[in-house]
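Notes to accompany the following structure.
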Amino acid sequence: MFPEIPEDVIRNVREANDIVDVVEEYVQLKKQGRSYKGLCPFHEEKTPSFSVTKEKQIFHCFGCGKGGNVITFLMEIESFSFIEAVQHLANRAGISLPETTVRKSSLSKEANQILEAFDWLTKYYHHLLKYSEEGKKGLEYFVDRGLTEETINRFQLGFSPYNSKFTINFLEKKGFHEQFLIKYGFLSPRENSSPVDVFRGRVIFPIKNHLGKVVAFGGRAVQGEEPKYLNSIEHDLFQKGNLLFNFFEAKNHIRKQNEVIIFEGYMDVISAFQAGIKNVVATLGTSLTTNQAKLLNRYVDTVILCYDADEAGEQASFHAANLLQKIGCDVKIAQVKDGMDPDEYILKFGGEQFKEQVIATSDTYFKFFMKYKRKEFNLSIDSEKIAYIETIVEKLSEIESPIEREYYIKDIASEFQLSSDIIHHDVEKHRKRNQKLMDKSSHNSNTITKVTNHHRSEVLPAYYNAERLLLAHMFKHDHLIEKVQHKLQGRFNVEEHQVIVTHLYALYEESNEIHLSELIDKLADPNLKKIVTEIAMTPINEDISDQEINDYIEIIEREANDYTYLRKLKEKQKNEKNPILAAKIGLEIIELEKQLKNI
């Protein structure tokens, strides 16, 4: 099906990449029995319905129905072609693909040119920072901020020269046209003169996507130019609200620690990373967005916000904390004392003290909420004091942990000399009202999960269930395949099951064993891949008896009338595009017609 890459190479690549390890690069998984569960990356949900099995090397979401193997997963989540997914996994495992492999890309020609331009400019700016006379200003800036040569190299930091002619000449020699460079924001046009480099005279922070490709730059003025901070314009590969600075470098640390620290500035991230605090990211000059919050929620339970201590920083923290809390994260807010920025604090006191004195002493979401809201009320006035208490008690009712609720109920009662019982009463009143609203919202909802569950609750024919259970046992126990093939051949009543079992027989004939992951690669139809993973995840008896298998076969045979089956076979052969499968179906038709003549 994919002649550019030999089957044995695809098998080696697949086997070298454990699906649990690959999926964990995108989703926080928790072991439950034999499977790993997490929030599905393909649809919105708050309760995990996404399951990955190490034993079978497949994934399946019981909410949206998507399923497949490690290659399918990458094709779905990265919009890769089959070959791109194999290439990515081969690189990940250090496997060299044959030179004859056709290097296809799902990206457009222009998108690939954008990546090439950023790649060349990253190297160019970095070289100028380190080795040119003009780059000394930028290098001094980074050194003064406490960065080492190793850190400067790691983050590929750079400097854009004031004279744009050097940059334009460099890019033109690499084959990039002026019109293209203006369109994608590398150059800025001028009415009566040549275009100029947008980032001229600024230190450069390369911004990578989650695959480690530079897709944008952040620039900072070092000699008072305006604006002080500048980002690349948005394009198909770069939307500020979807990416986070340093996410590519940090994601494995984030996953292992089950915690992420969000900063406002690039230098905060780089200083923290240099000081040994690796689970750090930053927004790209904007408020935290819903997409960024959802991305982090797939990886971690706990998010720590560490923004600047000024009023703008507090407002940004409040916005981000509310957003993260609503999507289910455990939110904490860290505040640097004495009005210092995080990178200033780390430079002065070091990484360990930053972890101990700032991160470890972070406020809970509710404590931060109380502090923030307190500024909106004049607590020396009784009416405003009551309004403040009512505001925080209503918010307190949203906390799920009974222990945390009890802790703050006592705290509020003590501070304002109130009865804990009164506060308890109000909290429970709000919780009951919230539950009614949630129930009403759920009742009116038409989510994909609801539709899927409705489908599963339908009463299905006995032969349908028998075919699914029989396939599930065949996936699990190779030795059953010959028995079923001898007794049933391809006479399954459900068309999708017929296609699956035909590929199953063929695969077993080739290697005398079955790997579900390989079977999935043989199926071109995404719906068939979904059905295979759904069947494979079906709970079955571990100790299967001959009687149980015979019962399934009998139910299927009873439905599959020979003449009806013959008509279906002829129709199937007529529509089959694969000549090998068509020939196999033809042989089966001949054999069946012989049997019917002898009856």
What heavy-atom pair brings Leu288 and Leu323 nearest, and what distance separates the two atoms? O-CD2, 3.5 Å
Exercise: identify the closest heavy-atom pair between Ile359 and Ile304: CG2-CD1, 3.6 Å
Between Glu467 and Asn493, is there a side-chain donor-acceptor contact under 3.5 Å, judged purely by atom types and distance? yes
Are any of the side-chain heavy atoms of Lys294 and Glu44 separated by less than 4.5 Å? yes
Would you say the side-chain atoms of Glu259 pair up with the backbone N or O of Asp301, donor to acceptor, closer than 3.5 Å? no
Can you tell me if Gln87 and Asn91 form a side-chain donor-acceptor pair at under 3.5 Å? no
Should Lys572 and Glu495 count as an ion pair when the cut-off is N to O under 4.0 Å? no
Does the pair Glu576/Lys584 count as a salt bridge with the N-to-O cut at 4.0 Å? no
Of Val494, Val501, Leu480, the residue whose pairing with Leu471 passes side chain to side chain contact (heavy atoms under 4.5 Å, CB included): Val501
Tell me whether Lys31 at atom NZ has more than 12 heavy atoms from other residues, nucleotides or ligands lying less than 6.0 Å away. yes
Set out, in order, the CA-CA distance, both residues' side-chain angles and the distance that settles side chain to side chain contact (heavy atoms under 4.5 Å, CB included) for Asn550 and Lys487, then state yes or no. CA-CA 10 Å; Asn550 290 334; Lys487 290 200 172 186; 3.3 Å; yes
Side-chain H-bond candidate by donor/acceptor type, Lys278 with Asn246, under 3.5 Å: no
Between Phe59 and Tyr36, is the gap from one ring center to the other below 6.0 Å? no
Can you tell me how far CG of Asn279 sits from NZ of Lys251, rounded to the nearest 0.5 angstrom? 15.5 Å
Taking side chain as C-beta onward, heavy atoms only, is Leu39 less than 4.5 Å from Gln28? no
Answer yes or no: is there a donor N or O on one side and an acceptor on the other, between the side chain of Gln57 and the main chain of Glu518, under 3.5 Å? no
For the backbone of Ser35 and the side chain of Thr53, can you confirm whether one donor and one acceptor N or O come within less than 3.5 Å of each other? no
Considering only heavy atoms from C-beta outward, does the side chain of Ile77 approach that of Phe42 to under 4.5 Å? yes
Taking the inter-plane angle between the rings of Phe238 and His235 on a 0 to 90° scale, is it parallel (under 30°), tilted (30 to 60°) or perpendicular (over 60°)? tilted
Minimal heavy-atom distance between Phe155 and Pro206, with the atoms involved, is O-CD, 3.5 Å
Between Asp21 and Arg92, does any NZ, NE, NH1 or NH2 come within less than 4.0 Å of an OD or OE carboxylate oxygen? no
Flag, side chain of Asn17 to backbone of Leu89, donor-acceptor distance under 3.5 Å: yes
Should the pair Phe245 and Phe205 be assigned to parallel (<30°), tilted (30 to 60°) or perpendicular (>60°) ring geometry? perpendicular
Can you find a heavy atom in the side chain of Ser49 that is under 4.5 Å from one in the side chain of His43? yes
Salt bridge Glu496-Arg468, side-chain N to carboxylate O under 4.0 Å: no
Roughly how far apart are Asn578 CG and His503 NE2, rounded to 0.5 Å? 7.0 Å
Taking all non-hydrogen atoms of both residues into account, name the closest pair between Pro48 and Lys46 and its distance. CD-O, 3.9 Å
Please round to the nearest 0.5 Å and tell me the distance separating atom CD1 of Ile556 and atom CG of Asn465. 10.5 Å
Thr122 side chain to Asp119 side chain, donor-acceptor N/O pair below 3.5 angstrom: no
So, for Ser81 and Met75, which heavy atoms are closest and what is the spacing to 0.1 Å? O-CG, 3.8 Å
So Phe273 and His253, would you call those rings parallel, tilted or perpendicular, with 30° and 60° as cut-offs? perpendicular
Hydrogens and angles aside, do Asn153 and His126 bring a side-chain donor and acceptor to less than 3.5 Å of each other? yes
Under a plain distance cut-off of 3.5 Å, with no hydrogens placed, do Glu404 and Tyr365 share a side-chain donor-acceptor pair? no
Heavy-atom side-chain proximity of Leu324 to Leu305 below 4.5 angstrom: yes
Under the criterion salt bridge (charged side-chain N to carboxylate O under 4.0 Å, His left out), I'd like the reasoning laid out for Arg14 against Glu7: C-alpha separation, chi angles, the key distance, then a yes or no. CA-CA 11 Å; Arg14 206 171 42 232; Glu7 287 289 342; 5.8 Å; no
Are Ile114 and Asp236 close enough, and set up right, to give a side chain to side chain contact (heavy atoms under 4.5 Å, CB included), and what steps lead you there? CA-CA 10 Å; Ile114 293 170; Asp236 288 347; 5.7 Å; no
Looking at Glu234 and Lys240, would you say the former's side chain and the latter's main chain have a donor-acceptor pair under 3.5 Å? yes
Hey, can you tell me if Phe80 and His88 have their rings parallel, tilted or perpendicular (30° and 60° cut-offs)? tilted
Separation between CD1 (Ile514) and CG (Asp478), nearest 0.5 Å, reads 6.0 Å
Positive for side-chain hydrogen bond (donor to acceptor under 3.5 Å, both in side chains) with Asn242, one of Asn291, Thr289, Asn209: Asn291
Is Glu588 salt-bridged to Arg491, cutoff N-O under 4.0 Å? no
Please assess Glu249 against Arg154 for the test side chain to side chain contact (heavy atoms under 4.5 Å, CB included), listing each intermediate value before the final yes or no. CA-CA 10 Å; Glu249 295 283 355; Arg154 179 172 197 132; 3.4 Å; yes
Assert yes or no for the condition that the ring centre distance of Phe50 to Tyr26 is strictly below 6.0 Å. no
Residues Glu25, His210; criterion side-chain hydrogen bond (donor to acceptor under 3.5 Å, both in side chains); working and verdict: CA-CA 10 Å; Glu25 292 178 8; His210 63 290; over 6 Å; no
When every non-hydrogen atom of Ala293 is compared with those of Ile327, the smallest separation belongs to O-CD1, 3.2 Å
The test is side chain to side chain contact (heavy atoms under 4.5 Å, CB included); show your working for His473 and Tyr552 and say whether it passes. CA-CA 11 Å; His473 284 293; Tyr552 293 146; 4.0 Å; yes
